[in-house]
Amino acid sequence: MSLEGKLVSEINIKCDGDVFHEIIMYKPHHMCNICPDKIQKVDIHEGELGTIDSVRLWKFTHDGKEMVAKEVIEEIDEEKKLVKKKMIEGDMLEYYKSFYLTIHVETKGENNLVTWILKYEKKNANVPDPHTFMELCLNITKDIESYHIK
């Protein structure tokens, strides 16, 4: 059994894809107001928002537990509205040796497709694949969509 894995989920959103990307990249602290039941705090620890090598600390609720995650932005492609992040500290790394999160937004008129990619390596075979974390990401996407189409 392989300890490495990859989950990919796509979700169509009705709100503007550029607005969604802007929140993810430059205004993540707004998510505390958009979905306070899921994200309680986002702080920038190093660098500036929306730049490679910037470090953010997230306080969020996952599976009914308050958790923290520190991430570093490794890749940004503004043209493709893509960001790739690596978790460098936090609760998820108790279970995973490595954990990467990629968010990509495709905008085509009124059709906006958000793709979430989780790449990870489990610490052992008893660690589950992060399906519930992917569900959290998709629910955050829905919350951002609902907030912006009001």
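The analysis underlying the following values was restricted to heavy atoms, covering all of them including side chains, and did not include hydrogens, waters or symmetry mates. Predicted model, so just to flag it, every value in this text is computed and none were measured.
Checking each of E46, R56, H45, M87 against K70 for a side-chain contact (heavy atoms from CB on, under 4.5 Å) leaves exactly one that passes, namely H45. Among the candidates F99, W116, Y120, the single residue satisfying the ring pair (Phe, Tyr, Trp, His ring centres under 6.0 Å) test with F133 is F99.
Annotation for E48: atom CD does not count as buried by contact number, only 12 or fewer foreign heavy atoms lying within 6.0 Å. By the 6.0 Å contact criterion, NZ on K119 is open, its count of non-hydrogen atoms from other residues, nucleotides or ligands being 12 or less. More than 12 heavy atoms of other shown residues, nucleotides or ligands fall within 6.0 angstrom of atom NZ in K123.
Neither L57 nor I44 shares a network with the other; the hydrophobic side chains, linked directly or stepwise wherever heavy atoms of I, L, V, M, F, W or Y lie under 4.5 Å apart, form separate groups for each. Under a hydrophobic clustering in which Ile, Leu, Val, Met, Phe, Trp and Tyr are joined whenever their side-chain heavy atoms come within less than 4.5 Å, directly or via other members, Y26 and M31 fall into the same cluster. Linking Ile, Leu, Val, Met, Phe, Trp and Tyr whenever their side-chain heavy atoms come within less than 4.5 Å puts Y147 and F60 in one cluster. Neither V72 nor V83 shares a network with the other; the hydrophobic side chains, linked directly or stepwise wherever heavy atoms of I, L, V, M, F, W or Y lie under 4.5 Å apart, form separate groups for each. A single hydrophobic cluster is not seen to contain both L138 and L113; linkage of ILVMFWY side chains at heavy-atom distances under 4.5 Å, directly or through other members, places them apart.
In this structure, N112 and C15 approach most closely via the heavy-atom pair ND2-O, 3.0 Å. Here the closest heavy-atom approach between residue E89 and residue L93 is recorded as N-CD1, 3.4 Å. For L7 against M134, the heavy-atom pair with the smallest separation is O-CE, 3.5 Å. Minimum heavy-atom separation, P28 to W58: CB-CH2, 3.7 Å. Nearest heavy-atom pair across G50 and I76 is O-CD1, 3.3 Å. For the pair I34 and D143, the tightest heavy-atom approach, listed with the atom from each and the gap, is CG2-O, 3.6 Å.
No donor-acceptor pair closer than 3.5 Å links the side chain of E94 to the backbone N or O of G90. N124 contributes a side-chain N or O that, together with a main-chain N or O of N126, makes up a donor-acceptor pair within less than 3.5 Å.
At least one side-chain heavy atom of V42 sits under 4.5 Å from a side-chain heavy atom of C32. Between K86 and Y100, some side-chain heavy-atom pair lies under the 4.5 Å cut-off. At least one side-chain heavy atom of I23 sits under 4.5 Å from a side-chain heavy atom of H148. Looking only at side-chain heavy atoms (C-beta outward), D77 and K84 stay at 4.5 Å or farther from each other. Using a 4.5 Å cut-off on side-chain heavy atoms (C-beta onward), I144 and V114 make no contact.
To the nearest 0.5 Å, the span separating NZ on K85 from OG1 on T102 amounts to 9.5 Å. For the atom pair CD1 of I11 and NZ of K142, the computed distance is 5.0 Å after rounding to the nearest 0.5 Å. With rounding to the nearest 0.5 Å, the separation of NZ in K81 from CD in E22 is 11.5 Å. Between the OG1 atom of T115 and the CD1 atom of I117 there is a distance of 6.5 Å, given to the nearest 0.5 Å. Remark: K27 NZ to N33 CG distance equals 12.5 Å, nearest 0.5 Å. For the atom pair L82 CG and M25 CE, the distance stands at 9.5 Å (nearest 0.5 Å).
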| message | Pair H29, L49 - check side-chain contact (heavy atoms from CB on, under 4.5 Å), show working. | response | CA-CA 10 Å; H29 50 284; L49 286 172; 3.9 Å; yes
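Using a 4.0 Å cut-off between a side-chain N of Lys or Arg and a carboxylate O of Asp or Glu, E66 and K59 do not qualify as a salt bridge. A salt bridge links K122 with D129: the distance from a Lys NZ or Arg NE/NH1/NH2 to an Asp or Glu carboxylate oxygen falls below 4.0 Å.
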